[in-house]
Amino acid sequence: MKMSGKMEDSEVPIKKQKLDVDCNQGDDNDAMLSNFDGFEILKVISENTRSKTVTVHGKMKGENAVVLLEKKPFDAKHMNRYLTEETSLKNTLKNDIYGTYEAFLPSTENAVKAVVIHPATDKHIQKYTDQERFVIEETENLYKTVTLPLLESKQLSVQWVYNILEKKQEADRIVYEDTDPEIGFILLPDMKWDRKDPAALYLVAIAHKHGIKSLRDLNASKLPLLKNILNQGKNAIMKKYNVPSWKLHAYIHYQPSYYHFHVHFTNIKLEAPGFDADRAHLLTDVIENIEMMDTYYEKKTLTFVARETEDLFLKFKENGCFDETSQDEIKKD
Ligand code: G7M
């Protein structure tokens, strides 16, 4: 068992304002926000200076909300909009030929990306909160006795996935669809990508087929689906965004956040969150591993990182995986 350093939660003063939401049509969950008026900040639940993100747990209309703010990268094509008289400068240092300034870009160039989850469940708050993390080596037996029963009883809702597959949401964002019920999928921008800069390209391919929870359920019978997603996904990305396959990573998360099968496609220039050795499995490797051994992902010990308040971590802990006994001994079961 390895541990990573504990991250800090920072408390911020609670602020109360009136909520202004364009909730003119339909179900509240479909209402678009026009600003954050009335948002009540409860706590900053994570901060990352490298990715320039901050996540806040708050209340909107009396219900929990999670808001993630992210400063966006510069767009090299917009330099002519940055370096004009509309950008005001405040000098902070001047020495000989060297000057530093705070530059205030025009507001149109200054947008911050905001992801809003409302109403947010406890699981969402937990998912976005910085916590101590633990390495788990999940054997075939631990998957069957610990992970699977938990997944069958409790997991994050995949309603957003069904909304996409049934074209109830995000239909206008679909980049490519193969409607075949066995090997078909929908390819569309991940909600983390604002669709502007292909250097930050991030798409997800969601399988039409239900019942493939994760990597663990992949075997030779799923190879046509995997190969179809890889090949058609790459072709569609080339056609739409002019990004060739050699500039792309195609991978699967284990553990995923949502247990309906999907593949991530990202530009290799993007430092995508979740593209770590303990989470991302390259689709090409997955295909080849299954071709070598049909039951590869059923049998293989899979390593992933879980956070201290996650149900999965708590279940592994309950099963003694973080007692004095090392995971090597547990593997002998
Ligand atoms: O970790 P996992 O493999 O389950 O990743 C799921 C991916 O789906 C993440 O990269 C999320 O950013 C993305 N995602 C999650 N939601 C709720 C949505 C959504 O509603 N729409 C889109 N387009 N992507 C989402």
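Whatever order the structure lists them in is the order used to number ligands and atoms, beginning at 1. In what follows, residues are counted from 1 in the order of the sequence shown. Owing to the predicted nature of the structure, the values given are computational and were not obtained by experimental measurement.
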_Side chain, backbone, both or neither: which applies to Q159 and ligand 1 if a contact is any heavy-atom pair less than 4.0 Å apart?_
neither
Please list, in number order, the atoms of ligand 1 under 4.0 Å from a heavy atom of [X].
X	answer
K192	9 (C), 10 (O), 11 (C), 12 (O)
R279	1 (O)
P189	23 (N)
S257	1 (O), 2 (P), 4 (O)
Y202	10 (O)

*Ring geometry between H281 and Y254 (parallel below 30°, tilted from 30 to 60°, perpendicular above 60°)*: perpendicular
*asked:* Pair S214, Q255 - check side-chain hydrogen bond (donor to acceptor under 3.5 Å, both in side chains), show working.
replied: CA-CA 8 Å; S214 73; Q255 299 281 340; 5.5 Å; no
*Would you say M191 and ligand 1 have an N/O pair spaced under 3.5 Å apart?*
yes
_Any nitrogen or oxygen of Q255 lying under 3.5 Å from a nitrogen or oxygen in ligand 1? Just yes or no._
no
*Give a yes/no verdict on whether any heavy atom in Q169 is under 4.0 Å from an atom of ligand 1.*
no
*Measuring from the heavy atoms of Y259, does anything fall under 4.0 Å of ligand 1?*
no
*Given the side-chain rings of F316 and F322, with only the six-membered ring counted for Trp, is the space between their centroids under 6.0 Å?*
no
_So that I know where these two stand, are F265 and H249 an aromatic pair - ring centroids less than 6.0 Å apart?_
no
Which residue and non-hydrogen atom of the protein lie closest to [atom], and at what distance in Å?
atom	value
atom 7 (C) of ligand 1	D190 OD2, 3.5 Å
atom 6 (C) of ligand 1	H262 NE2, 3.6 Å
atom 5 (O) of ligand 1	H264 CE1, 3.2 Å
atom 14 (N) of ligand 1	W160 CH2, 3.5 Å
atom 21 (N) of ligand 1	E170 OE2, 2.7 Å
atom 1 (O) of ligand 1	H253 ND1, 2.7 Å

*So, E182 and H208: side-chain donor and acceptor under 3.5 Å apart, yes or no?*
no
*Going by atom types alone, do N289 and Y297 pair a side-chain donor with an acceptor below 3.5 Å?*
yes
*Scan for ring pair (Phe, Tyr, Trp, His ring centres under 6.0 Å) pairs involving residues 44-76, sequence neighbours excluded, and state none if there are none.*
F74-Y82
Is it true that a side-chain atom of [X] and a backbone atom of [Y] form a donor plus acceptor pair closer than 3.5 Å?
X	Y	answer
D96	Y98	no
H260	A207	yes
T92	T100	yes

